[in-house]
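Provided herewith is a single structure, encoded as structure tokens, for subsequent inquiry.
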Protein chains: 2
Amino acid sequence: MKESERQLKEFGIRPTAMRILVHQFMSGQTSAVSLSAVEDNFEKSDRTTLYRTLKTFEEKCMVHQIDDGTGIPKYALCNHDRDEGKHADLHLHFHCTECNQTICLTEHRIPTIHLPDGFVPEDINMLVKGICDNCNH
Amino acid sequence: MKESERQLKEFGIRPTAMRILVHQFMSGQTSAVSLSAVEDNFEKSDRTTLYRTLKTFEEKCMVHQIDDGTGIPKYALCNHDRDEGKHADLHLHFHCTECNQTICLTEHRIPTIHLPDGFVPEDINMLVKGICDNCNH
DNA sequence: CATTAAATGCACTGCCATTGCACGTACATA
DNA sequence: TATGTACGTGCAATGGCAGTGCATTTAATG
């Protein structure tokens, strides 16, 4: 896909074959993916490469890392439609304890929080665990 | 302290010497502690014992586990003053990226969230990262 | 084509949660 | 007091997964 290549360039990432494939893969996902998941999808490639690929994507703010409480970091493409600046991941994340999938609820902004005096917030992470729509039927 | 012993019994935990000590230790903490932190404080005892001690405390709902994004689980005594039922940890957690401490902001309840249709919430985790009061001076 | 930087693959380290097993200790019951 | 049983503790080992160092390959540039 030329589209993936274009996107990569847009974020200042050199569009290598591997990176294009990984981007395509992530574009096709409805939920966040773990490194292992990517690994399983590209058995030909090395774990380290994929690891660093995701890191690069993250540094360039093309994907954001999600901590869904499983201890295994997940990654998802950022949604830059709405201009969220550097904090492109300031939305709600939902982790389904049934199917073990983690999805971004980009519609649901994290409500503003008032902290005690002297506390300066820099990043906010909000995670809801439960049963997702799919598993509820 | 007889107090720690009393508390343990109250939660249905047999008050062994080790458990009493761990409880006392946690009572004296202002921030959440990791297993390693407890370990460092009780060099005489075994890591496994402390690990299982914390697990037991958690199962009996005397402490709650906190995921502060560091990948290392932290534990803190639950605040049962306000009756939160099983969800005694439904408050905000703050992780200071400077001193690396994680504290419970029990005053700050997590705001109610409206999820899309079909999504059933069971647990909510909200974490703010930033600079704490202490490190700000 | 030559030079240089970046990307990739391999081997390895290391942290830390978690588990299996054996031994010790408290508690209940006769 | 003896004895059995469940629970607590300690040791050793496993295993998952993040992260790193280094050598090799690939791509970009003049």
Side-chain angles (χ1 to χ4, degrees), chain A residues 2 4-9 11-26 32-60 62-76 95 100 102, chain B residues 2 4-9 11-26 32-60 62-76 95 100 102:
Chain A
K2 283 292 169 192
S4 286
E5 194 175 336
R6 194 186 60 72
Q7 289 251 2
L8 287 167
K9 282 179 184 167
F11 283 99
I13 304 168
R14 258 166 67 181
T16 67
M18 200 66 245
R19 289 172 175 175
I20 292 173
L21 285 174
V22 172
H23 180 269
Q24 281 178 232
F25 173 66
M26 294 190 75
V33 296
S34 65
L35 171 57
S36 300
V38 181
E39 209 181 335
D40 291 346
N41 205 261
F42 297 101
E43 294 184 355
K44 321 283 175 54
S45 182
D46 186 69
R47 200 182 62 82
T48 313
T49 304
L50 298 171
Y51 170 75
R52 285 196 259 240
T53 299
L54 290 175
K55 279 284 180 215
T56 303
F57 285 6
E58 191 190 356
E59 276 163 22
K60 299 295 186 177
M62 192 171 72
V63 308
H64 59 281
Q65 190 177 348
I66 305 164
D67 177 3
D68 63 4
T70 60
I72 298 168
K74 305 280 167 63
Y75 301 86
H95 176 71
N100 216 32
T102 302
Chain B
K2 282 292 170 193
S4 287
E5 196 175 335
R6 193 186 60 73
Q7 289 251 1
L8 287 167
K9 281 178 185 167
F11 284 98
I13 304 169
R14 258 165 69 180
T16 67
M18 200 66 246
R19 289 171 175 174
I20 293 173
L21 286 173
V22 172
H23 180 269
Q24 280 179 233
F25 174 66
M26 295 191 74
V33 296
S34 65
L35 171 58
S36 298
V38 180
E39 207 182 338
D40 292 344
N41 206 261
F42 297 101
E43 293 185 356
K44 320 283 174 55
S45 182
D46 185 71
R47 180 181 177 79
T48 314
T49 303
L50 299 170
Y51 170 75
R52 287 196 257 240
T53 298
L54 291 176
K55 280 286 180 212
T56 303
F57 285 6
E58 192 190 354
E59 275 164 21
K60 299 295 187 178
M62 191 171 73
V63 309
H64 59 281
Q65 189 178 350
I66 304 166
D67 177 3
D68 63 4
T70 61
I72 297 168
K74 304 281 168 62
Y75 301 86
H95 176 71
N100 216 31
T102 302

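Numbered from 1 within each chain, the chains take letters A, B, ... in sequence-line order. Quick note: numbers below take in every heavy atom, side chains included, and nothing from hydrogens, waters or symmetry partners.
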Can you name the residues that form a side chain to side chain donor-acceptor pair (under 3.5 Å) with B:Thr53, not counting sequence neighbours?
->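 Checked B:Thr53 against side chain to side chain donor-acceptor pair (under 3.5 Å); zero matches.
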Below 4.5 Å, heavy atoms only, C-beta onward: do A:Met62 and A:Leu8 meet side chain to side chain?
->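 Contact flag for A:Met62/A:Leu8 side chains = yes.
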Nearest-nucleotide comparison on DNA chain C, the residue closer to the 5′ end among B:Gly71 and A:Arg19 =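 The 5'-side residue here is A:Arg19.
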Please determine, for the side chain of A:Pro73, which listed nucleotide (C:dC16, D:dA18, D:dG10) has the closest atom?
->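 Closest of the options to the side chain of A:Pro73: D:dA18.
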To the nearest Å, how far apart are B:Lys55 NZ and D:dT9 P?
->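 So the two atoms are 16 Å apart, to the nearest Å.
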Expressed in angstrom and rounded to an integer, what is the separation of A:Asp68 atom CG from D:dC17 atom P?
->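 My rounded result for the distance is 12 Å.
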Between C:dA6 and A:Thr16, is there an OP1 or OP2 to side-chain N/O distance shorter than 4.0 Å?
->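 No, because none of the side-chain N or O atoms of A:Thr16 sits under 4.0 Å from OP1 or OP2 of C:dA6.
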Rounded to the nearest Å, what distance is computed from the CD1 atom of residue B:Ile72 to the P atom of nucleotide C:dC16?
->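 So the CD1-P distance, B:Ile72 to C:dC16, works out to 5 Å.
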Pair listing, salt bridge (charged side-chain N to carboxylate O under 4.0 Å, His left out) test, anchored in residues 34-47 of chain B, at least two apart |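 Qualifying pairs, neighbours excluded: B:Glu39-B:Arg47.
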Can you tell me how far C1' of C:dC27 sits from NZ of B:Lys9, to the nearest Å?
->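 Result: 13 Å.
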Side chain of A:Arg14: nearest nucleotide among C:dA7, C:dT8, C:dG20?
->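 The nucleotide sitting nearest to the side chain is C:dA7.
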Carboxylate-amine/guanidinium contact B:Glu59 B:Lys55, below 4.0 Å =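 Looking at B:Lys55 together with B:Glu59, the answer is no, because their closest N to O distance does not fall below 4.0 Å.
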From the list C:dA11, D:dC11, C:dT8, which nucleotide is the closest neighbour of the side chain of A:Thr48?
->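 It is C:dA11.
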In whole angstrom, what separates A:Arg47's CZ from D:dT20's P?
->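 These atoms are roughly 12 Å apart.
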Whole-Å gap separating P (C:dT25) and CZ (B:Arg52) =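 Roughly 17 Å, once rounded to whole Å.
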Can you find a pair of side-chain heavy atoms, one from B:Leu35 and one from B:Lys74, that are under 4.5 Å apart?
->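 The answer is no; the side chains never approach within 4.5 Å.
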Taking only side-chain nitrogens and oxygens of A:Thr53, does any of them come within less than 4.0 Å of OP1 or OP2 of C:dA7?
->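 Looking at the OP1 and OP2 atoms of C:dA7, neither is under 4.0 Å from any side-chain N or O of A:Thr53.
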Residue-phosphate contact under 4.0 Å: B:Thr49 side-chain N/O, D:dG10 OP1/OP2 |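 True: B:Thr49 side-chain N/O within range (under 4.0 Å) of D:dG10 OP1/OP2.
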Side chain of B:Tyr51 only, please: which of D:dG10, C:dC27, C:dA17 is the nearest?
->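 Of the options given, the side chain of B:Tyr51 lies nearest C:dA17.
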Base, sugar-phosphate alone, or nothing: which one does B:Ser45 contact when heavy atoms must sit under 4.0 Å apart?
->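 Since only primed, P, OP1 and OP2 atoms lie under 4.0 Å of B:Ser45, the category is sugar-phosphate.
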A:Tyr75 has an atom OH; how far is it from atom P of D:dC17, in whole Å?
->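 Computing the A:Tyr75:OH to D:dC17:P distance gives 13 Å.
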Length of the CG-C1' vector between B:Asp67 and C:dC16, whole Å =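 Interatomic distance, CG of B:Asp67 to C1' of C:dC16: 14 Å.
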